[in-house]
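For reference, the structure discussed in these notes is given below.
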Amino acid sequence: MRYFHAMHRVVALVRPPQSTFELGCAAQVFGIERQGLPARYSFGVCTERPGPVATLAGYDMLVADGLDALDQAQTVIVPGWLPTGEPPSSAVVEALRRAHARGARVVSICSGAFALAHAGLLDGRRATTHWAQAGEFAERFPRVQLDPDVLYVDHGDVATSAGAGAGFDLCMHLLRTDQGARYAAHVARTMVMPPHREGGQLQYTPPRPAHIDDTLAPLLEWVTARLDEPMSLETMAAHAGVSPRTLTRRFTDQLGTSPGQWLLSQRIAAAQDLLESSDLPLDTIARRVGLSSATNLRRRFLNALATTPGAYRRTFHEIPARPH
């Protein structure tokens with residue numbers, strides 16, 4: 001888990017024809033100052049040949065910085081790489097390798113995984129990309145352990161996401177890892193989007209016509225208001241007025257995860273919030289979020305976040321401002 005006290009430099013590497021949506025994912029999360037939140041990131045864009053860069057949206061954008069901008073970045077983001085059949089130049093490959101070698105976090109969104117793979121940064125590691133490009137990617141990069149079903153994969157030093165909206169999910173995951181759950185939740189509220197989706201959720205599940213209009217929102221709201229209570233699949237299904245099997249199918253269709261995994265993620269998120277905002281003992285927090293004991297909270301926390309509740313609190317606990 002990283003935590004950045006000073007300004008963290010994020011640089012996106014673009015190329016023509018650039019997808020504006022994938023670039024926008026990174027810019028919206030890392031490049032916007034928000035009222036009421038301390039600025040933690042500075043954001044920039046670079047390209048191999050500075051000047052006008054054509055976009056898929058039909059306009060050019062002017063990019064002044066060249067590849068040397070990556071030498072100052074603590075996070076490098078490749079927001080797509082099109083056409084995927086065109087490998088990056090030796091200069092781009094070297095710049096990506098150099099950034100990674102000196103400790104920068106290197107991130108791809110959608111087809112940007114092709115650039116990272118060409119640079120050898122994904123060899124022997126799990127990675128993902130847009131599901132529609134998975135076959136081409138797997139054939140071209142057999143050394144990469146491609147997982148075409150998930151939203152994103154984060155190794156700490158290298159991270160890859162699936163296409164389009166999964167870019168937001170990965171950027172929000174990185175923000176949450178860097179700055180904590182409350183900071184990420186504030187950013188998510190300004191974007192009117194969920195603060196967190198697990199990387200292991202499915203990229204794409206074909207909708208079932210008979211259930212496409214069904215919504216889980218009332219049930220999710222009901223459950224999140226009762227995290228301190230025991231909550232079984234049968235209880236959730238009874239409240240929704242459907243069978244456990246039907247409810248499980250709806251979760252898979254609409255959220256890409258199971259009811260149990262979704263519930264656990266909500267309990268952990270609630271625990272994160274309490275660890276950041278209160279001095280409550282771990283046993284109290286565990287009971288309030290439905291995890292029964294400090295021992296269970298530690299185990300679930302370690303499995304989900306690769307850290308302990310105590311370490312998380314030390315990193316992200318809000319220190320009240322002293323009166324002047």
Side-chain angles (χ1 to χ4, degrees), residues 1-5 36-38 40 151-152 154-156 169 172-189 193-201 216-240 244 247-248 251 255-323:
M1 180 172 294
R2 304 180 180 205
Y3 180 68
F4 301 106
H5 297 271
L37 269 189
R40 299 275 172 79
L151 292 176
Y152 56 83
D154 179 20
H155 294 286
D169 292 312
M172 288 302 300
H173 161 77
L174 297 175
L175 183 81
R176 185 186 181 96
T177 301
D178 293 348
Q179 311 298 344
R182 287 176 72 86
Y183 190 99
H186 189 121
V187 171
R189 282 195 299 272
M193 66 175 290
H196 184 57
R197 287 202 296 168
E198 294 291 339
Q201 290 187 27
L216 288 172
L219 174 65
L220 303 186
E221 186 176 348
W222 182 80
V223 172
T224 52
R226 294 164 174 78
L227 291 179
D228 60 330
E229 301 176 12
M231 189 67 63
S232 66
L233 174 60
E234 289 73 21
T235 302
M236 295 166 67
H239 182 79
L247 184 65
T248 298
F251 264 80
L255 299 179
T257 190
S258 69
Q261 282 300 113
W262 175 84
L263 179 59
L264 178 59
S265 72
Q266 299 309 299
R267 295 193 193 283
I268 291 172
Q272 288 177 279
D273 186 81
L274 289 171
L275 287 166
E276 293 180 36
S277 62
S278 77
D279 294 311
L280 293 170
L282 293 188
D283 268 317
T284 302
I285 290 176
R287 288 194 299 272
R288 284 198 182 184
V289 303
L291 290 176
S292 71
S293 69
T295 300
N296 191 34
L297 174 62
R298 289 189 191 95
R299 181 170 64 86
R300 298 293 192 178
F301 227 76
L302 195 60
N303 288 342
L305 302 175
T307 189
T308 65
Y312 186 91
R313 171 173 267 168
R314 286 191 295 274
T315 302
F316 295 118
H317 187 255
E318 292 182 349
I319 301 174
R322 294 181 179 176

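The structure displayed is predicted, hence computed values, not measured ones.
Summarising the geometry, atom OG1 belonging to T248 is positioned 8.5 Å from atom CE belonging to M236; distances are rounded to the nearest 0.5 Å. To the nearest 0.5 Å, atoms CD (Q261) and CG (L255) are separated by 12.5 Å. To the nearest 0.5 Å, atom CG of residue L291 and atom CZ of residue F301 are 9.5 Å apart. Note that the OG1 atom of T308 and the CG atom of L282 stand 8.5 Å from one another [nearest 0.5 Å]. The distance from atom OG1 of T257 to atom CZ of F251, rounded to the nearest 0.5 Å, is 8.5 Å. Note that CG of D283 and CZ of R288 are 12.5 Å apart. Values are rounded to the nearest 0.5 Å.
Nearest heavy atoms, A184 versus M172: O-CE, 3.3 Å. Between E234 and P244, the shortest heavy-atom distance links the atoms CG-CG, 4.3 Å. Residues L233 and P259 share a closest heavy-atom pair of CD1-CG, 3.7 Å. The nearest pair of heavy atoms linking T224 to E221 is OG1-O, 3.1 Å. Summarising the geometry of A294 relative to A286, their closest heavy-atom pair is N-CB, 3.9 Å, with the distance given to 0.1 Å.
For R300 and N303, the side-chain atoms include no donor-acceptor pair closer than 3.5 Å. Defined by atom type and a distance below 3.5 Å, a donor-acceptor pair is missing between the side-chain atoms of Y183 and E276. R176 and Q272 share a side-chain donor-acceptor pair at under 3.5 Å.
Using a 4.5 Å cut-off on side-chain heavy atoms (C-beta onward), L305 and T177 make no contact. Counting only heavy atoms from C-beta outward, the side chains of R287 and D228 never approach each other to under 4.5 Å.
Formation of a donor-acceptor pair under 3.5 Å by the R267 side chain with backbone atoms of L227 is found in this model.
The environment of E229 atom CD is dense: over 12 non-hydrogen atoms of other residues, nucleotides or ligands sit within 6.0 angstrom.
A salt bridge links D273 with R182: the closest approach of a Lys/Arg side-chain nitrogen to an acidic carboxylate oxygen falls below 4.0 angstrom.
The side chain to side chain contact (heavy atoms under 4.5 Å, CB included) with P309 is formed by just one residue from the set I268, L274, L275, I285; it is L275.
Under the 30°/60° scheme for interplanar angles, the aromatic rings of H239 and W222 are found to lie parallel.
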